[in-house]
Q: 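The structure is given below, and queries will be raised subsequently.
Quantities reported herein were computed from a predicted structural model and do not represent experimental measurements. Just the heavy atoms: all of them, side chains too, but no hydrogens, waters or symmetry mates, feed the values below.
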Amino acid sequence: MNVLTKRLALAGALLIAGAGLSACGVADTVEETVEQVSAATTLAKGVPGRTTPAFHYSVKGGQQSFSGVLDAPHKSVTSDFFEKIPDSEMTLTMKFLVIEKQAWAKIAFDNAPAGAGLPKFPKKWMKLDQGKLSKDSAEDLTYAGETDPGYVSTLLTAAADLKETGTGTYAGTTDLTKSTEAEIVDADTLKALGEKAKAVPLEVTLDGAGRVTRAVVKIPAAGKAKAVTYEVVYDQYGKASPIQAPADAVAATADAYELLNG
């Protein structure tokens with residue numbers, strides 16, 4: 001069903017449902033619905049796809065923050081994770097570079113005190129042997145067609161009341177119960193949010209070429225969780241640094257496989 005057919009179907013359903021309304025009221029409702037469909041279509045077209053040139057991305061405010069470069073046409077992606085160790089000054093840094101079925105990693109415990117007993121890893125990229133990774137890790141470290149690391153398309157699929165609020169800016173709501181794969185909030189927070197989870201504020205921005213550059217979900221406080229803003233930024237379209245296999249990589253250590261395999 002194309003967009004025009006969807007609009008006609010929605011308009012027809014509203015006309016039937018609103019038969020008891022005044023002509024003016026029906027017209028206003030139909031116009032509003034068409035506007036929502038138009039906004040949703042425009043935004044969907046702006047989400048990165050398989051032919052989108054390499055771009056930089058960052059995802060913050062979810063269960064895990066990360067950033068990197070994604071180059072779908074060349075089936076490659078980089079991902080940088082920084083995890084603060086609770087009750088310490090240490091940070092676990094993990095960087096991954098994936099080209100099709102090949103993967104490399106850099107791992108470090110920053111600010112680790114002497115005598116902490118933590119493993120030390122090479123400063124160079126470590127080439128990972130897929131045969132030594134667990135099934136889940138091997139799947140995670142293989143390019144599998146990813147195009148939208150921040151799950152903007154999922155947020156839009158679960159969105160409602162989308163309207164253009166300015167040049168290239170749109171707002172509406174999204175249903176977090178329909179986007180759990182994005183791991184924006186954990187199960188406890190989702191449960192604590194209750195009905196509020198089904199309509200949290202969503203804002204999306206497009207650049208002059210109609211591409212998504214920013215998506216923001218504002219999640220209210222619930223239960224033990226504080227209010228948080230989930231933010232996805234896509235930029236440097238066609239200008240991000242090319243992803244290339246490291247020329248001086250070393251073999252991954254046993255400690256690296258132990259950490260990655262959990």
Q: Does any N or O in the side chain of T52 come within less than 3.5 Å of the main-chain N or O of G49, such that one atom is a donor and the other an acceptor?
A: yes

Q: With a 4.5 Å heavy-atom cut-off, do L70 and E146 have their side chains touching?
A: yes

Q: Side chains of P119 and L259: does their closest heavy-atom pair fall under 4.5 Å?
A: no

Q: Any side-chain hydrogen bond (donor to acceptor under 3.5 Å, both in side chains) involving residues 107-123? Give me the pairs, sequence neighbours left out, ordered by first then second residue.
A: T93-D110

Q: Looking at every non-hydrogen atom in both residues, tell me the closest pair between L43 and Y170 and how far apart they are.
A: CD2-CD1, 3.5 Å

Q: After noting the C-alpha distance and the side-chain angles of T142 and Q130, does the key distance pass the side chain to side chain contact (heavy atoms under 4.5 Å, CB included) rule?
A: CA-CA 9 Å; T142 299; Q130 294 285 343; 3.8 Å; yes

Q: Any side-chain heavy atom of E258 sitting closer than 4.5 Å to one from D255?
A: yes

Q: Hey, mind stepping through Y57 and S79 against side chain to side chain donor-acceptor pair (under 3.5 Å) and telling me if it holds?
A: CA-CA 9 Å; Y57 68 87; S79 301; 2.9 Å; yes

Q: Kindly check if the number of other-residue, nucleotide or ligand heavy atoms within 6.0 Å of NZ (K60) is above 12?
A: no

Q: Once salt bridge (Lys or Arg N to Asp or Glu O under 4.0 Å) is applied, what residue pairs with a partner in residues 205-216 remain, sequence neighbours excluded?
A: D207-R211, R214-E231

Q: May I ask you to test the V59-S67 pair for a side-chain heavy-atom distance under 4.5 Å?
A: no

Q: Could you grab the distance from atom OG of S179 to atom CG of L155, nearest 0.5 Å is fine?
A: 5.0 Å

Q: Does the pair S134 and S137 meet the rule for a side chain to side chain donor-acceptor pair (under 3.5 Å), with working shown?
A: CA-CA 5 Å; S134 66; S137 292; 3.1 Å; yes

Q: Going through the checks in order, is the side chain to side chain contact (heavy atoms under 4.5 Å, CB included) test met by I219 and T229?
A: CA-CA 6 Å; I219 305 155; T229 297; over 6 Å; no

Q: Closest approach of K84 and E89, non-hydrogen atoms and distance?
A: NZ-CA, 3.8 Å

Q: Under 4.5 Å between side-chain heavy atoms, hopping through other hydrophobics if needed: is there a path connecting F81 to I184?
A: yes

Q: Within this structure, what is the CG-OG1 distance for the pair D175 and T157, rounded to the nearest 0.5 Å?
A: 11.5 Å

Q: Let me confirm one number: the CG-OG distance from L162 to S38, rounded to the nearest 0.5 Å.
A: 10.5 Å

Q: Answer yes or no: is there a side-chain heavy-atom contact under 4.5 Å between V152 and V47?
A: yes

Q: Which atom names give the shortest non-hydrogen contact between K218 and E203, and what distance separates them?
A: NZ-OE2, 3.4 Å

Q: How long is the straight-line distance from OG1 of T180 back to CD of E183, given to the nearest 0.5 Å?
A: 8.5 Å

Q: Do F66 and V185 belong together in a cluster built from hydrophobic side chains that touch within less than 4.5 Å?
A: yes

Q: Closest heavy-atom contact between A192 and G223?
A: CB-N, 3.8 Å

Q: Establish whether I107 and F96 are linked, either directly or via other cluster members, by ILVMFWY side-chain heavy-atom contacts under 4.5 Å.
A: yes

Q: Which donor-acceptor pairs under 3.5 Å do side chains of residues 234-249 form with protein atoms, sequence neighbours excluded?
A:
unit_1	atom_1	unit_2	atom_2	d
Y234	OH	D148	OD1	2.4
Y234	OH	G150	N	2.8
D235	OD1	H56	ND1	3.0
Y237	OH	V212	O	2.5

Q: For L202 and T173, what are the C-alpha separation, side-chain angles and deciding distance, and is it a side chain to side chain contact (heavy atoms under 4.5 Å, CB included)?
A: CA-CA 5 Å; L202 169 67; T173 64; 5.7 Å; no

Q: Can you confirm whether L92 sits close enough to M94 that some side-chain heavy atom of one is under 4.5 Å from a side-chain heavy atom of the other?
A: yes

Q: Using modelled atom types only, decide if a donor and an acceptor are shared between the side chain of Q102 and the backbone of L97 within a distance under 3.5 Å.
A: no

Q: Do you know the tightest heavy-atom contact between V250 and K124?
A: CG1-CD, 4.2 Å

Q: To the nearest 0.5 angstrom, please state how far the CD atom of E83 sits from the CE atom of M90.
A: 12.0 Å

Q: Provide the closest heavy-atom pair for F121 versus M126 in the form atom of the first, atom of the second, distance.
A: CD2-CE, 4.2 Å

Q: Same cluster or not: Y230 versus V216, using hydrophobic residues (I, L, V, M, F, W, Y) connected whenever any side-chain heavy atoms lie under 4.5 Å apart?
A: no

Q: Can you get from V233 to L156 by hopping between Ile, Leu, Val, Met, Phe, Trp and Tyr side chains that sit under 4.5 Å apart?
A: no

Q: Is any side-chain heavy atom of V217 closer than 4.5 Å to one of T174?
A: yes

Q: Look only at the side chain of T78 and the backbone of V69, and say whether a donor-acceptor pair between them is shorter than 3.5 Å.
A: yes

Q: Going from CG on D136 to CG on L260, what distance comes out if it is rounded to the nearest 0.5 angstrom?
A: 12.5 Å

Q: In sequence, state the C-alpha distance, the side-chain angles, and the governing distance for D186 and T189, and then conclude on side chain to side chain donor-acceptor pair (under 3.5 Å).
A: CA-CA 5 Å; D186 58 28; T189 302; 2.8 Å; yes

Q: For residues L206 and T213, determine if any side-chain heavy atom of one lies less than 4.5 Å from a side-chain heavy atom of the other.
A: no

